Amino acid sequence: NNHHEYEEVHPHDDDDAEDIELVGGGRNNRQRRAPLPPSTGGGSSSSSSSKLIVIILFLICLLGVYKLGMEEGKAEVQHETGLDVESKNHNSEEVQHEENEDHAVATQQQNNDLNVEETTTTTTTTTSPPKPSMKFTMDHLHSMRLECTNLINLLDNYYYGKPKATAMLLNSYIEPWDFNEVELDHFVESTDPSVVDSSSPRKLRAMKLVNTMLRALVSDEQRVFLMGGIGSSVMAGHDNCHYDSYESQMERLFSPIWQAANMEFTFQNAGEGGGCGDSFENQIYCIKQNISPDVDVVHYEWTYFEHGRAAGDHESLVRWIQMLPKQPPLHIFNTGVNKGGGQDDKLVEYYARYGFNAFYMKDGFMNGGYDYEKEKKELEIDRFAWGHVGDGYHNTTRYGELEEDDLRKTSLGVVMRNWHPGPMGFQLTSDSFTYVYTHAILKALDIIEKEVNDGKDPREKWDASTRPIFMKGDLPEPIFCDPMYCVVDEPPGCLNYELPTFGQWGPRVEDPDDDLNPYLGEVQNWNVWHKDNDLWYMVGKQDTALFKKREDSEMCRHLDACGGISARKKEDGMVVFRLPKMEVGLVVICGCCGKNVGEAMFIENESLEISFNTVPLNKTTFDVWPNKKCVRLLKKFPTSGRESETPTGHHYLALKLLEDQQGADVRISHVFTI
């Protein structure tokens, strides 16, 4: 309270003094004063007058203290709510109203000597602090647009004009890319019901990719545009220097655009050679560990090994990655030609709203109009033969044209090393993806500019926090994949010991000393290992000979290597995996190294005991799945018995050697679950 009270307390019978207690502003101040001398005769009137004067002076002082407290209280309220005192005083009616209230309070207090209370209500206006300015500024927008335009002009000129560049770089997909249908007005999510039924699959696909770029640009917390690729030795770039892989070429080509926005572009290359025995069938389950779950776009390549039987795997992957934070589109890299009518054609249309598409490298070359068949028939020149230099349009890559070393320049002109593309093949692939994404960025920039010009904050619609969250029921019914495993709310969890990995593991090896470890106190000495590849691993003979003489040879080193957790002797004991949260109860382990090791290593091995939640599993229930490297231990959760119980809240998988191994070590490369 901003008013003051006083209370006169009469002295006790045994006290010569008088106490006066002042009560004001929440503080009690007791003053001590000496008693007045006794009155005699005519001095009584003078004494009474003196007392009255003292009381009046005291009341005046008390009123002054009260007024001062009121003013300080107003100033404090104004400061806390951000109000301008001077601007508030301009409202004379409000000021007069407050002064009248002050006068009324003072008058009432003067009329009441003791315990005067008054309740006042103060109405304050609170305002939210202004939202910080968007980190992506109009200067960034103009700089980025300039870089995009320069890159498109570069590729248009390199491929002999926009019509040919469009044919080679935009049209070499199952469904050609066309961003002209994307409307600036009323741009919405590609999954919005208002557009799904009324828009063509081509338009929806383009909208999804524009949406991906748009959110990356306006989200203040995002400073890196991240792509990730899973695949075979083609994805890894084998038989070339790693520097010449399409991912590395793309990083160099695409980065200046992102740098113009004070951002970075990174491509995580998780390609893995065939020596470890992997295929698309087991590696797709590790999408969240092989590459970061925070990716903006996912690439996939395993087309040499699919033989037309991968539609279910492609569909599973499309669906799983929509459960990742940024719901990235999936783009497949195929080195050959699209014969049309395949299952992927159906998926590309069916999942258009999620941005799915597939690029065909050889189609890209052929769409430029060069008559490869005539040249092959009449001149017996096969541009796609192993080791051939020149694609019919150029004799080396753009960066090869700057090379002073003739051997290196020639090597950079190879279209196909063998079944692996050479630098020229990878350059077209890099150019195509970059050309597509750059067109999507330009459309995103137009949308941002329109929002700003209309006086709107683009973050209100397109910040990452506004992205709708997908649950399994939000996606359409699957066509090819097993609903038990592909209609889920989270991607599979995976522990992959092979290199490289950029993401998050799902299962993990439990600490032998952890109190929650159900095998606490038992020997747990399995060892993690990785194959120690040298610098020239899978570089290729031509480049190895060339770069052994150069100081920049480190750029040839590939990232992939086999790995696992292993045991050979009984004294190694067991390994215990704590499994992540699961929806279905699928549990799979894969062996290393080879394509056919699963059955012998895990099912037929009598020295190996495999337990789930401390209960040994019956191996007759196991099956080799999803390829011959792996074994499915559980198809779904047990519904009875101790193996169905989780006293600690976690599921545990344990493998234990009962006897020394007579053959190869037990080597686990993957554990994955759903």
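Since the model is a prediction, treat every value here as computed from it, not as a measurement.
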Quiz item: Centre of Phe265's six-membered ring, under 6.0 Å away, within 45 degrees of the axis: is that where NZ or CZ of Arg252 sits?
Solution: no

Practice problem: Go through the side-chain N and O atoms of Asn290 and Asn496 and say whether any donor and acceptor fall under 3.5 Å apart. | Solution: yes

Quiz item: Once the angle between the rings of Phe433 and His299 is folded into 0 to 90°, is it parallel (under 30°), tilted (30 to 60°) or perpendicular (over 60°)?
Solution: tilted

Quiz item: Just by modelled atom types, is the Gly237 backbone N or O under 3.5 Å from a matching donor or acceptor in the Ser245 side chain?
Solution: no

Quiz item: Which class fits the ring pair Tyr300 and His314: parallel under 30°, tilted 30 to 60°, perpendicular over 60°?
Solution: perpendicular

Quiz item: Is it true that Arg383 and Asp391 have a side-chain N and a carboxylate O under 4.0 angstrom from each other?
Solution: no

Practice problem: Examine distances only and state if a side-chain atom of Gln289 and a backbone atom of Gly493 form a donor-acceptor pair shorter than 3.5 Å. | Solution: no

Quiz item: Would you say the side chains of Asn367 and Asp363 form a donor-acceptor pair under 3.5 Å?
Solution: no

Quiz item: Is the distance between the SG atoms of Cys562 and Cys592 less than 2.5 Å?
Solution: no

Quiz prompt | Pairs involving residues 652-662, ordered by first then second residue, that meet side chain to side chain donor-acceptor pair (under 3.5 Å) (sequence neighbours left out) | solution = Glu510-Tyr652, Asn605-Gln661

Self-check item: Distance-only side-chain donor-acceptor flag, Thr335 / Tyr304, under 3.5 Å
Solution: yes

Quiz item: Taking atom CG of Leu634 and atom CD1 of Ile674, what is their separation to the nearest 0.5 Å?
Solution: 13.0 Å

Quiz item: Is the distance between the ring centroids of Trp625 and Tyr285 under 6.0 Å?
Solution: yes

Quiz item: Taking atom types as modelled, is there a side-chain donor on Gln542 or Arg417 under 3.5 Å from an acceptor on the other?
Solution: yes

Quiz item: Is Gln327 reaching over with its side chain to a backbone N or O of Pro468, donor-acceptor style, under 3.5 angstrom?
Solution: yes

Practice problem: Tell me whether the guanidinium CZ or amine NZ of Lys362 lies under 6.0 angstrom from the six-membered ring centre of Phe384 and within 45° of its axis. | Solution: yes

Quiz item: Taking atom types as modelled, is there a side-chain donor on Asn517 or Gln524 under 3.5 Å from an acceptor on the other?
Solution: yes

Practice problem: Please indicate whether Lys619 has more than 12 foreign heavy atoms, meaning atoms of other residues, nucleotides or ligands, lying under 6.0 Å from its NZ. | Solution: yes

Exercise. Decide yes or no on ring pair (Phe, Tyr, Trp, His ring centres under 6.0 Å) for Trp419 and Phe305, but give the supporting numbers first.
Key: CA-CA 12 Å; Trp419 59 92; Phe305 305 93; 9.2 Å; no

Exercise. Compute both the distance and the angle, then confirm whether Arg667 meets the cation-pi test with Trp529: under 6.0 Å from the six-membered ring centre, within 45 degrees of the axis.
Key: yes

Quiz item: With a 3.5 Å cut-off and no angle check, do the side chains of Asn618 and Thr620 form a donor-acceptor pair?
Solution: yes

Quiz item: For the cysteines Cys276 and Cys593, is the SG separation below 2.5 Å?
Solution: no

Quiz item: For Ser432 and Tyr173, does a side-chain donor sit closer than 3.5 Å to a side-chain acceptor?
Solution: yes

Exercise. Check the side chains of Asp560 and Tyr537 for a donor-acceptor pair under 3.5 angstrom, ignoring hydrogens and angles.
Key: yes

Practice problem: Keeping the roles fixed (side chain from Glu272, backbone from Ser233), state whether a donor-acceptor pair exists under 3.5 Å. | Solution: no

Quiz item: Judged by modelled atom types alone, do Asp572 and Asn525 share a side-chain donor-acceptor pair under 3.5 Å?
Solution: no

Quiz prompt | Validation row, ring centre Trp536 to ring centre Phe547 under 6.0 Å | solution = no

Quiz prompt | Flag for Arg319-Tyr351: side-chain donor and acceptor within less than 3.5 Å | solution = yes

Practice problem: Would you please say whether a donor-acceptor pair under 3.5 Å links the side chains of Asp543 and Asn240? | Solution: no

Exercise. Scan side-chain atoms only and decide if Asp382 and His388 contain a donor-acceptor pair under the 3.5 Å cut-off.
Key: no

Quiz prompt | Lys376 vs Glu373, salt bridge (Lys or Arg N to Asp or Glu O under 4.0 Å): CA-CA, chis, key distance, verdict | solution = CA-CA 5 Å; Lys376 183 177 181 180; Glu373 291 301 319; 5.5 Å; no

Quiz item: Strictly by modelled atom types, are Lys629 and Ser279 linked by a side-chain donor-acceptor pair under 3.5 Å?
Solution: no

Self-check item: Val624, Asp278, Asn282 screened by side chain to side chain contact (heavy atoms under 4.5 Å, CB included) with Cys630, the one that passes
Solution: Asn282

Quiz item: Side chains of His530 and Glu498: do they bring a donor and an acceptor to under 3.5 Å?
Solution: no

Exercise. Taking atom CD of Glu306 as the centre, report whether more than 12 heavy atoms of other residues, nucleotides or ligands fall under 6.0 Å from it.
Key: yes

Quiz item: So Glu281 and Arg309, salt bridge (Lys or Arg N to Asp or Glu O under 4.0 Å) or not? Walk me through it.
Solution: CA-CA 10 Å; Glu281 294 164 309; Arg309 55 186 174 85; 2.8 Å; yes

Practice problem: Indicate whether any N or O donor in one side chain lies under 3.5 Å from an N or O acceptor in the other, for Ser566 and Asn527. | Solution: no

Quiz item: Are His420 and Trp386 close enough that their ring centres sit under 6.0 Å apart?
Solution: no

Quiz prompt | Polar side chain donor-acceptor pair, Ser232 to Glu301, under 3.5 angstrom | solution = yes

